[in-house]
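Remarks on the structure that follows.
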Amino acid sequence: TLISPSGGFLRASLGESFHIAGENSYLAGSGLNGTSSNMVGGIAVALNPNSGPAFKWRGRAHMMLGDWVAAKKDLTNAQNAGDDVRSVIV
């Protein structure tokens, strides 16, 4: 886990499980029916929800989804936090 001074973080995990004893009750093809599972991984990213970049990128995501009201709200908050939002508006 990496934590930024602004309160955001980046977390990554990778893993695999192993069947040690007893009957394996998982279905064939589930990835869990053998002696070991498929490799799985995940990434989590969280920005400080009150920072300009967080508002800017969430506003951009709202724009891509066509949610113009939410996009305007987040981009206005980003601008009020001192972030330059001109690069988002195409």
Side-chain angles (χ1 to χ4, degrees):
T1 300
L2 301 172
I3 300 173
S4 75
S6 67
F9 70 85
L10 170 67
R11 177 177 295 146
S13 61
L14 186 65
E16 180 178 20
S17 64
F18 296 94
H19 182 82
I20 297 173
E23 182 181 339
N24 188 336
S25 60
Y26 289 100
L27 296 173
S30 69
L32 298 170
N33 59 315
T35 56
S36 65
S37 71
N38 296 339
M39 188 65 70
V40 296
I43 297 176
V45 178
L47 299 173
N48 178 342
N50 298 316
S51 73
F55 284 122
K56 180 169 78 172
W57 291 109
R58 191 171 69 181
R60 183 169 189 215
H62 286 306
M63 286 176 61
M64 293 172 74
L65 294 170
D67 188 350
W68 305 111
V69 173
K72 180 181 177 188
K73 179 180 176 187
D74 279 341
L75 293 174
T76 299
N77 285 331
Q79 194 169 23
N80 291 340
D83 210 49
D84 183 8
V85 297
R86 291 177 293 179
S87 62
V88 174
I89 301 169
V90 186

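A quick note: this is a predicted structure, and the numbers were derived from the prediction, not measured.
The minimum heavy-atom distance between A78 and G52, with the atom names listed, is CB-O, 3.5 Å.
Heavy-atom contacts from other residues, nucleotides or ligands closer than 6.0 Å to CZ of F9 number more than 12. Other residues, nucleotides and ligands place more than 12 heavy atoms under 6.0 Å from the CE atom of M39. The environment of L65 atom CG is dense: over 12 non-hydrogen atoms of other residues, nucleotides or ligands sit within 6.0 angstrom.
By the 4.5 Å heavy-atom criterion applied to side chains, I43 and L10 are counted as neighbours.
D74 pairs with exactly one of H62, M63, Q79 by the side-chain contact (heavy atoms from CB on, under 4.5 Å) rule, that one being H62. Checking each of T76, V69, L75 against K72 for a side-chain contact (heavy atoms from CB on, under 4.5 Å) leaves exactly one that passes, namely T76.
Side-chain atoms of N24 come within 3.5 Å of backbone N or O of G34 as a donor-acceptor pair.
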